[in-house]
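Lettering of chains follows the sequences in order, A, B, ..., and the numbering in each one begins at 1.
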Protein chains: 2
Amino acid sequence: MKIFLFLFVTLLATCHGDVVSHEHGSTNKIFPLRIKTGPGGHYIPEVSCSSWRLGVETHNVINWKTVPLECETYVGNYMLGDQYRADSKTVNREGYYYAKTLNISGDGKDIWVFDIDETSLSNLPYYAKHGFGVNPYNDTSFNEWVDLGKAPALPESQKLYKKLLSLGVKIVFLTGRPLKQTDITAKNLKLAGYHTWEKLILKDLSIYHGKTAVTYKSSERKKLEKEGYRIIGNVGDQWSDILGTNTGDRTFKLPDPIYYIA
Amino acid sequence: MKIFLFLFVTLLATCHGDVVSHEHGSTNKIFPLRIKTGPGGHYIPEVSCSSWRLGVETHNVINWKTVPLECETYVGNYMLGDQYRADSKTVNREGYYYAKTLNISGDGKDIWVFDIDETSLSNLPYYAKHGFGVNPYNDTSFNEWVDLGKAPALPESQKLYKKLLSLGVKIVFLTGRPLKQTDITAKNLKLAGYHTWEKLILKDLSIYHGKTAVTYKSSERKKLEKEGYRIIGNVGDQWSDILGTNTGDRTFKLPDPIYYIA
């Protein structure tokens, strides 16, 4: 009996979020996620962190530096659970449904632009050990991870990749990774099952140092179009992958509640 | 003991969605929401409808006609529960945080464009009686509801509206409602607590009949800018409110999983 009571209460807490409520003022700036959800002003992490995540994914919440501390568990559960996978599947599937409706010319000029990190390859093994985006970005430790070349594929993105290839679409990888990571990135892509591409474009810091991702990626996409390529699709986990100019005929935003790149 | 076991199992089912699983093929087109979440291919409405909703809000899922039948309960619970309110609050609060950083000139030319339906006023009383978007749009019954002039305010949007006014920002309502609904719309806005505005723009069908919302709204925003207004913000529940041209300095997308307007 006791164990069932315990399990019941635990499950109730898990299901409805932290049952401990906090009083707060509606204009409280220190805990901007604390939402009044009822007369008592209950703070429910599941509800407010879900709102924060939706705000991030819809580009309402922008220029954020780290995941709110109180959302670490929420984001961790999201990334490791079914929902992240399902959300990724929905986006990539829409990509395929769209691609199927097109007449692919067969001249090799129809391309689909894929971002790499959190789009083609997953850095979840890294972020799972580093607070799921709660900790400030650490260039040194992140690059040590990248240099291992062991990031796994995002399976739903890889399905889209393979289906696009079978439709005759060429793949262009366009990433904010610096040029010096070209070899390890190519190796990692192949190891993860991305065996072919038309181009693999990394960030040339001699041109783009200090420039935003929007500027860099827009400029590189413009070059692609000048070379005669038609960008029929463009997929990334950051809004900076799909905003700006020369964005392609249709863009797809994959989920990423871990970090924000302007 | 038995009652706890029952409660436990019930809660488990509620928490993790329908525990009944359906086998399906991965290319099944009839049930496009059915997601393989494990080796057995379990279909979990909570997970897949949540993915669908995220896909809609992020503009990955577009041009949809009705809410998927299997998501009626999910969408109904969402709209009537804490999450819709919290999600709306997050968006409007970001709007206010942004507006506060601006220098409002005081010349009366800084405007914020508000859409009306599901942005300023809520049609939830109507949709709660009509399947939460599962039923195809019914022009007759919807307009009967509009003509009552009793749509309540969306409280979080109204907070933004009031805060913007206090900052010296002028409000322009820009809606797809037809011109003939001008009087009832003005009356409804006032009844709901929106007492003042710079302009209330409804769709002139002699100009825009058959045109998309993106075209109509872009064109009207362009006119505003030609009149010397600066659109410092623009908020709507549809992507067609904030895409196109002359979109404003920053746009905000409110949640709406009930209907899609191109």
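When A:V235, A:N92, A:V91, A:D87 are each tested for a side-chain contact (heavy atoms from CB on, under 4.5 Å) with B:N60, only one passes: A:V91.
Every residue two or more places apart in sequence or in another chain that forms a side-chain contact (heavy atoms from CB on, under 4.5 Å) with B:P155 is listed here: B:R85.
Near-neighbour residues of residues 240-251 of chain B relative to chain A, defined by a heavy atom under 4.5 Å from a heavy atom of that chain, comprise B:R250, B:T251.
A:T58 is not listed as a side-chain neighbour of B:H59, based on a closest heavy-atom distance of 4.5 Å or more. In this structure the side chain of A:Q83 reaches within 4.5 angstrom of the side chain of B:S51, judged on heavy atoms. Side-chain contact check for B:V61 versus A:T90: some heavy-atom pair is nearer than 4.5 Å.
Only the side chain of A:E94 comes within less than 4.5 Å of a heavy atom in chain B; its backbone stays farther off.
Here the straight-line distance linking atom CG of B:D82 with atom CD of A:E46 works out to 11.5 Å at 0.5 Å rounding.
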